[in-house]
Amino acid sequence: MNIHVSELLAAYHDGELPSNRQHQVEGHLQDCSTCRAELELYVELSSLLKADVVPYQTPPQRFAAQVQLRLPRTLPSRISQKEGKPPRWALGIPLVLILVWAFLQAAIKVTSLILTADQFFGVAIFNSWISTEGFLETSANLFLFNTLVLVGTTIFWSAWMALWLAWQKNQNVLSIKGGVT
Amino acid sequence: MMNLTSPPGTVEMDDHALIACAQQGDRQAFTELVTRHQDSIVSLTYRMCGDFRLAEDAAQEAFVRVWQNLHSYKPQYAFRSWLYRIATNAALDSLRRDRPTTDLDSLSLADPGKTPEQVAEENLRIGHVRRAIAQLSEPLRMVLILREYQELSYQEIADVLYIPVGTVMSRLNSARTLLRQELLVLLEEA
Ligand SMILES: [Zn+2]
């Protein structure tokens, strides 16, 4: 028990030691006046600090009433300032969708052009690598996909605008309130 | 949390139940939360601001922020740490906006049980302590206040300040060492 416990005394004083360590320190303190004196410094500093009490408290009802007066009239919307803000990448999604749509439009044009050419020449120019039926099917699929992308873009765009407007409104309420206080 | 002063048979709602009500817009439940935590929050902001008017203003602002952010509070977090974090930020904001109007020497009113000499001596001591605390850097002062006055655990302090527990311990250690040097005369008197 000759090894001093100086480095454990702060945590001991703050009640932060696990019980086995706490017993260790207590055992040591019984035999060691050096560590007892050191612990006493922590105790004295704490009591010196606590001699400074908070001078006065506003009565609870008054304090609560003052807080109530400062509250906004309505409960803030569930969309919080930070969480409600649409992330920047969300802006990119409609843009990507539009680009996909444009690409598909072009693809359809090219496909029908090839088909027309194919039929016009009466020869299966491209039959060597793809059948006309395949082309027709691909064309129909492309058209369907194109429509889906267009619908998706519209829905996403509207949802995004709604979210953004809600966030803007929330921001305005907060900034108005911030100006008053 | 049971309130010992409540009449037998009534069980006080705990903080989480009150928050759940307040989240639905129940102002009565919110007022109960404010009243329950007023003392600890005002005392925290007072220790930080060193000015009672500023401290009460910061404490009220903290409760307004709590109300505004109730929806983002999740019951798995300790309410006290969340509340203290908001209050700490509110106090720091008001300190940055508005320097204390009264200085650190403005002291409590005389205790009726003491002679004027005793009061004067005590005020001198307290003034000395406050100046010593005020001289600490903000990170050291924050940890010291949360530990010595608010009696938060190391883990709670870490949660409030978003720092590791090891940092809490080393800052607390530095703060105490500096205070001991500064208050040596007073500590020797004791
Ligand atoms: Zn020892």
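Residue numbers start from 1 in every chain, and the chains themselves are labelled A, B, ... in the order their sequence lines are given, proteins ahead of strands.
For B:Ala59, the parts sitting under 4.5 Å from any heavy atom of chain A are the backbone and the side chain alike. Proximity to chain A (any heavy atom under 4.5 Å) is shown, for B:Asp57, by both the backbone and the side chain. Heavy-atom distances place both the backbone and the side chain of A:Ala11 under 4.5 Å from chain B.
To the nearest 0.5 Å, atoms CZ (B:Arg125) and CG (A:Leu48) are separated by 5.5 Å. Rounded to the nearest 0.5 angstrom, B:Phe30 CZ and A:Gln68 CD are separated by 7.0 Å. With rounding to the nearest 0.5 angstrom, the CG atom of A:Asp14 is 11.5 Å from the CG atom of B:Leu152. Once rounded to the nearest 0.5 Å, the distance linking NE2 of A:His13 with CZ of B:Arg147 reads 7.0 Å. The distance from atom CD of B:Gln60 to atom CD of A:Gln66, rounded to the nearest 0.5 Å, is 4.5 Å.
Using a 4.5 Å heavy-atom cutoff, the side chains of B:Arg27 and A:Leu71 are in contact. At least one side-chain heavy atom of B:Glu151 sits under 4.5 Å from a side-chain heavy atom of A:Lys50. Residues A:Phe63 and B:Thr35 form no side-chain contact, since every pair of their non-hydrogen atoms from C-beta on lies 4.5 Å or further apart.
When each of A:Gly15, A:Ser46, A:Ala65, A:Ala64 is scored by its heavy-atom pairs under 4.5 Å with chain B, the top score falls to A:Ser46. In terms of non-hydrogen atom pairs under 4.5 Å with chain A, the most contact-rich of B:Asp39, B:Leu172, B:Val34 is B:Asp39.
A single hydrophobic cluster is not seen to contain both A:Leu148 and A:Trp101; linkage of ILVMFWY side chains at heavy-atom distances under 4.5 Å, directly or through other members, places them apart. No continuous path of hydrophobic side-chain contacts links B:Ile157 to A:Leu17 [ILVMFWY only; heavy atoms under 4.5 Å]. In the hydrophobic clustering of this structure, B:Tyr162 does not group with B:Tyr84; members are Ile, Leu, Val, Met, Phe, Trp, Tyr whose side-chain heavy atoms approach within less than 4.5 Å, directly or through other members. The same ILVMFWY cluster, assembled from side-chain heavy atoms under 4.5 Å apart, contains both B:Leu178 and B:Met169. Note on B:Leu186 and A:Leu45: same hydrophobic cluster, where clusters join Ile, Leu, Val, Met, Phe, Trp and Tyr whose side-chain heavy atoms are under 4.5 Å apart, directly or indirectly.
Contact between B:Glu122 and A:Ala51 at its shortest, heavy atoms only, is OE2-O, 4.4 Å.
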Starting from the C-alpha separation in whole Å, work towards a yes-or-no answer on side-chain contact (heavy atoms from CB on, under 4.5 Å) for A:Leu49 and B:Leu144.
-> CA-CA 10 Å; A:Leu49 295 177; B:Leu144 183 92; 4.3 Å; yes
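For the pair B:Arg180 and A:Tyr42, the cation sits on the ring face: its NZ or CZ lies under 6.0 Å from the ring centre, inside 45° of the axis.
Shown here is A:Glu7, whose CD atom has more than 12 heavy atoms of other residues, nucleotides or ligands within 6.0 Å. The local environment of CZ in A:Arg21 is sparse, with at most 12 non-hydrogen atoms from other residues, nucleotides or ligands closer than 6.0 Å. At most 12 heavy atoms of other shown residues, nucleotides or ligands fall within 6.0 angstrom of atom CD in B:Glu121.
B:Tyr149 contributes no side-chain N or O that, together with a main-chain N or O of A:Val53, makes up a donor-acceptor pair within less than 3.5 Å. A:Glu16 contributes a side-chain N or O that, together with a main-chain N or O of B:Tyr154, makes up a donor-acceptor pair within less than 3.5 Å. Remark: side-chain polar atoms of B:Gln38 are paired, donor with acceptor, to backbone N or O of A:Thr58 under 3.5 angstrom.
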